[in-house]
Amino acid sequence: MSLVSDLKAAYRHDGLAVVQDFVTAAAKVGSMADLRALIESAVQQLGFDYFAIVHHVCFGRPAGEHVRLTNYPLDWVGYVRELPKLTDPVVRAAERMSSGFKWDQLGSLLTVTAAEAEYMRAAARHGICHGYTVP
């Protein structure tokens with residue numbers, strides 16, 4: 001094996017260990033605050049700054065039994081909450097996909113509208129870019 005192969009294998013293994021540790025710890029979580037902290041720790045170990053676990057209804061306007069657990073910046077959540085209509089191509093792609101995808105693949109998954117492209121530029125201005133979504 002080459003050094004690159006060794007590093008890639010080690011990275012995959014470390015990621016798997018993070019997921020396995022998360023699954024074990026999540027079974028013992030006693031509150032939503034603890035779950036949020038656990039998720040935040042796991043995603044940071046995987047190399048991400050932010051996470052969002054949401055029902056794809058009206059993001060930013062939770063209602064009833066819908067899930068919205070995130071550590072997105074509050075100014076971004078406020079921005080999204082004020083939008084008259086959500087134009088999120090990530091949500092649209094997630095509705096079509098059965099497996100995870102990188103956000104930089106959006107253009108190959110669907111035709112991104114001008115409004116959706118602007119939405120993604122706004123997200124990037126808030127520090128939310130280069131994401132990975134699991135539908």
Side-chain angles (χ1 to χ4, degrees):
M1 282 177 111
S2 72
L3 178 59
V4 172
S5 297
D6 290 345
L7 290 173
K8 285 182 179 180
Y11 178 75
R12 279 194 303 272
H13 176 71
D14 289 344
L16 180 57
V18 170
V19 172
Q20 290 171 327
D21 291 348
F22 172 83
V23 169
T24 300
K28 302 172 187 171
V29 167
S31 71
M32 289 301 284
D34 291 343
L35 179 60
R36 182 185 185 280
L38 180 64
I39 294 168
E40 190 165 28
S41 174
V43 298
Q44 287 175 352
Q45 290 176 60
L46 293 171
F48 297 98
D49 295 323
Y50 302 113
F51 74 89
I53 299 174
V54 298
H55 276 101
H56 288 174
V57 287
C58 195
F59 181 74
R61 298 178 188 144
E65 298 295 316
H66 297 119
V67 173
R68 181 181 145 317
L69 187 60
T70 180
N71 71 339
Y72 279 175
L74 292 178
D75 57 336
W76 172 249
V77 174
Y79 172 85
V80 171
R81 191 172 285 150
E82 297 301 318
L83 291 174
K85 180 181 178 193
L86 185 63
T87 55
D88 187 340
V90 175
V91 171
R92 198 159 58 91
E95 291 170 346
R96 298 175 179 199
M97 299 297 296
S98 59
S99 62
F101 58 91
K102 292 180 180 181
W103 292 1
D104 61 5
Q105 296 174 308
L106 285 172
S108 67
L109 301 175
L110 45 81
T111 301
V112 177
T113 68
E116 290 171 333
E118 175 51 37
Y119 178 88
M120 294 305 288
R121 285 190 294 274
R125 288 190 298 271
H126 286 85
I128 302 168
C129 53
H130 307 297
Y132 186 83
T133 292
V134 180

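Throughout, numbering of the chain's residues begins at 1 and tracks the sequence.
Annotation: side chain of Ile128 is in contact with side chain of Pro73 (closest heavy-atom distance under 4.5 Å). Using a 4.5 Å cut-off on side-chain heavy atoms (C-beta onward), Tyr119 and Leu83 make contact. Between Val29 and Leu38, some side-chain heavy-atom pair lies under the 4.5 Å cut-off. Within the 4.5 Å cutoff, side-chain heavy atoms of Val90 are placed close to those of Met120.
Here the CG-CZ distance, from Leu106 to Arg92, works out to 9.0 Å after rounding to the nearest 0.5 Å. To the nearest 0.5 Å, the span separating CG on Leu110 from CZ on Phe101 amounts to 8.0 Å. Between the CZ atom in Arg36 and the OG1 atom in Thr70 there is a gap of 7.0 Å [rounded to 0.5 Å]. Between the CD1 atom in Ile53 and the CG atom in Leu35 there is a gap of 6.5 Å [rounded to 0.5 Å]. With rounding to the nearest 0.5 Å, the separation of OG in Ser41 from CD1 in Ile39 is 10.5 Å. In this structure, the separation between CZ on Arg125 and CG on Asp75 is 11.5 Å, given to the nearest 0.5 Å.
The two residues Val112 and Ala117 come nearest to each other via the heavy atoms CG1-N, 3.6 Å.
Electrostatic pairing of Arg121 and Glu118 counts as a salt bridge here, judged by a charged N lying under 4.0 Å from a carboxylate O.
Ring orientation note: the planes of Tyr50 and Tyr72 are nearly perpendicular, at an angle over 60° on the 30°/60° scale.
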